[in-house]
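Sharing a structure below in structure tokens format, with a few things to ask.
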Amino acid sequence: MITQRNANVLAELDGELAFITLNRPEKRNALSLQTMEQLSAAMRAVGENSDIKVVILKANGPVFSAGHDLSEMLDRDLATYRHLFDVCVDTMETIQRIRQPVIAQVQGPATAAGCQLVATCDLAVAVDSAWFATPGVKIGLFCSTPMVAVSRAIGRKKTMEMLLTGDPVSANEALALGLVNRVVPAEKLESTTRELALKIAASSPYVVGLGKQAFYKQIDLPQHQAYEYTGEVMSQNAESKDAHEGISAFLEKRKPHWK
């Protein structure tokens, strides 16, 4: 998992946690094609490692991510643009597809596809000076793919305002909207994110992975179909060794030992 220090995306392990870091600070961590490919590969590698329980996605430098690398988007043909956005979609879907929860540790502004990246992560902790925006409309490129993730994280009216005006929202407003889970001073960003990750890691990784997959599958289903699906998921979960161990540990007033 440990990568070369000059890579666009760094990955390293610390016990049960994996840290994946955007590493283009000189380019405001713009999501170039190569960066997205490396990010997808790192996430897939995490997903295949059963020893990893939680992933923390962070970034080097003052900006979390400024979105797509605009230098790659001038004077290209339609096939190139389609490939670029197909890779972007695959990157975002990979984050939600892997069984481990992914927490965005947001140390600075996240705009356009960078805002999409935060909205895509399962959870997000942001420094109080961070801000978020989908400003593509201002440069003639509507943030259509970021819209998918952002509109699923916050309400329709506010999403449309962000998309149509390009105006930023502060970290505290993002918290109120549900785009992030915690807002903290800079000196507490790493410790708060790690604390949240370790709290999740204390639970059964099988159960957490099952729950994450079920969440994304049911969220857009009609209510009756969602209940049918999650009822089956809970039935299979209840039959599992970890459910039996967890219930027994609770009744016996002891810590569970996950299977």
Side-chain angles (χ1 to χ4, degrees), residues 8-9 20-33 35-36 39 56-74 81 84-85 88-89 91-93 95-96 102-190 192-193 196:
N8 289 352
V9 175
I20 296 178
T21 306
L22 301 178
N23 189 42
R24 299 185 76 204
E26 75 287 355
K27 297 292 185 179
R28 298 167 62 86
N29 291 312
L31 299 177
S32 65
L33 181 60
T35 300
M36 291 188 292
L39 180 56
I56 294 175
L57 175 62
K58 58 181 187 172
N60 285 331
V63 176
F64 182 78
S65 176
H68 286 291
D69 190 333
L70 297 179
S71 67
E72 295 184 343
M73 301 187 68
L74 283 175
Y81 293 129
L84 179 68
F85 291 112
C88 177
V89 169
T91 301
M92 302 300 165
E93 290 188 333
I95 290 170
Q96 294 186 346
V102 180
I103 305 174
Q105 179 179 297
V106 187
Q107 89 295 358
T111 62
C115 185
Q116 177 185 6
L117 190 56
V118 174
T120 296
C121 289
D122 305 303
L123 301 170
V125 179
V127 70
D128 53 14
S129 59
W131 51 272
F132 306 85
T134 51
V137 68
K138 294 183 176 181
I139 61 168
L141 187 64
F142 200 85
C143 285
S144 298
T145 47
M147 171 172 64
V148 174
V150 175
S151 66
R152 281 160 172 75
I154 67 177
R156 294 187 181 190
K157 290 292 192 291
K158 190 60 185 183
T159 300
M160 283 297 290
E161 181 182 343
M162 290 177 66
L163 292 164
L164 292 172
T165 67
D167 290 345
V169 297
S170 68
N172 285 324
E173 186 174 3
L175 177 63
L177 291 168
L179 184 59
V180 302
N181 301 84
R182 307 273 195 282
V183 172
V184 296
E187 63 271 17
K188 293 186 176 180
L189 180 62
E190 290 188 11
T192 301
T193 307
L196 181 58

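The basis for the numbers below is simple: all heavy atoms, side chains too, and nothing from hydrogens, waters or symmetry mates. Not measured: the values here are computed from a predicted model.
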Practice item. Find the distance between CG (Asn29) and CZ (Phe64) and round it off to the nearest 0.5 Å. Key: 8.0 Å

Check your understanding: Judged by atom type as modelled, is there a donor-acceptor pair below 3.5 Å linking the side chain of Asp122 to the main-chain atoms of Val102?
Key -> yes

Revision key, fill the gap. Heavy-atom nearest pair, Gly108 first then Ala130, reads O-CB, 3.6 Å

**Study point:** Intermediate values then yes/no, side-chain contact (heavy atoms from CB on, under 4.5 Å), Ile20 and Val9
**Key:** CA-CA 7 Å; Ile20 296 178; Val9 175; 3.6 Å; yes

Point to revise | Flag side-chain contact, heavy atom, 4.5 Å: Asn23 against Pro25 | key: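 Yes, side chains in contact.
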
Practice item. Please answer whether the main-chain N or O of Leu33 pairs with a side-chain N or O of Asp69 as donor and acceptor at a distance below 3.5 Å. Key: no

Point to revise | Glu190, CD atom: more than 12 neighbouring heavy atoms under 6.0 Å | key: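 Incorrect, the count does not exceed 12.
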
Review point. Sub-3.5 Å donor-acceptor pair from the side chain of Thr111 to the main-chain atoms of Ala133, do we have one?
Key: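 Not at all, since once roles are kept as given, no pair shorter than 3.5 Å links the two residues.
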
Review point. Would you call Leu117 and Met92 a side-chain contact if the rule is heavy atoms closer than 4.5 Å?
Key: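 The answer is yes; the side chains approach within 4.5 Å.
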
Review point. Tell me, do His68 and Leu141 make a side-chain contact under 4.5 Å, heavy atoms counted?
Key: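 His68 does not reach Leu141 side chain to side chain.
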
Study note, to complete from the structure: Looking only at heavy atoms, the pair that brings Met162 and Cys115 closest together is CE-SG, 4.4 Å

Revision key, fill the gap. Distance col, row Thr21:OG1 vs Leu57:CG, nearest 0.5 angstrom, shows 7.5 Å

Review point. Does Gln107 use its side chain to pair, donor to acceptor, with the backbone of Val63 at less than 3.5 Å?
Key: yes

Review point. Just wondering, do Phe132 and Val180 contact through their side chains at under 4.5 Å, heavy atoms?
Key: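 When only atoms from C-beta onward are counted, Phe132 and Val180 do touch, with a gap below 4.5 Å.
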
Check your understanding: Would you call Thr193 and Val184 a side-chain contact if the rule is heavy atoms closer than 4.5 Å?
Key -> no

Exercise for review: Would you give the length of the straight line joining atom CD1 of Ile139 to atom CG of Leu70, rounded to the nearest 0.5 angstrom?
Suggested key: 4.5 Å

**Study point:** Name of the residue among Ile154, Thr134, Leu164 meeting side chain to side chain contact (heavy atoms under 4.5 Å, CB included) with Thr159
**Key:**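 Among the candidates, only Ile154 passes.
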
Point to revise | Donor-acceptor pair, side chain of Gln96 and main chain of Thr120, under 3.5 angstrom | key: yes

Exercise for review: Please report the shortest heavy-atom distance between Ser65 and Leu22, naming the atom on each side.
Suggested key: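 Heavy atoms of Ser65 and Leu22 come nearest at CB-CD1, 4.1 Å.
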
Check your understanding: Once you round to the nearest 0.5 Å, how far does CG of Leu123 lie from CD1 of Ile56?
Key ->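 Spacing of CG (Leu123) from CD1 (Ile56) equals 10.5 Å.
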
Practice item. Work out which heavy atom in Val118 is nearest to a heavy atom in Ala124; give both atom names and the distance. Key: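 So the minimum-distance heavy-atom pair works out to CG1-CB, 3.9 Å.
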
Review point. Do you know which two heavy atoms are closest between Ala112 and Pro135, and how far apart they sit?
Key: N-CD, 3.7 Å

Review point. Could you state the interatomic distance from CE (Met160) to CE (Met147), rounded to the nearest 0.5 Å?
Key: 8.0 Å

Check your understanding: So, Thr35 and Asn8: side-chain donor and acceptor under 3.5 Å apart, yes or no?
Key ->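 On atom types as modelled, these side chains qualify, holding a pair under 3.5 Å.
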
Check your understanding: Taking atom CG of Leu31 and atom CD of Glu72, what is their separation to the nearest 0.5 Å?
Key ->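 One gets 10.0 Å once the value is rounded to the nearest 0.5 Å.
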
Exercise for review: Check whether any side-chain heavy atom of Lys27 sits under 4.5 Å from a side-chain heavy atom of Ser32, and report yes or no.
Suggested key: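 Side-chain contact under 4.5 Å: no.
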
Exercise for review: Taking atom CZ of Arg24 as the centre, report whether more than 12 heavy atoms of other residues, nucleotides or ligands fall under 6.0 Å from it.
Suggested key: yes

**Study point:** Thr192 (side chain) donor-acceptor with Leu189 (main chain) under 3.5 angstrom
**Key:** no

Exercise for review: State, to 0.1 Å, how close Ala171 and Val183 come at their nearest heavy-atom pair, and which atoms those are.
Suggested key: O-CG2, 3.4 Å

Practice item. Applying side-chain contact (heavy atoms from CB on, under 4.5 Å), run through Lys138 and Asp167 and close with a yes or a no. Key: CA-CA 10 Å; Lys138 294 183 176 181; Asp167 290 345; 3.9 Å; yes

Practice item. Could you tell me whether the side chain of Val148 reaches within less than 4.5 Å of the side chain of Val89, counting heavy atoms only? Key: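 No, every pair of side-chain atoms sits at 4.5 Å or beyond.
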
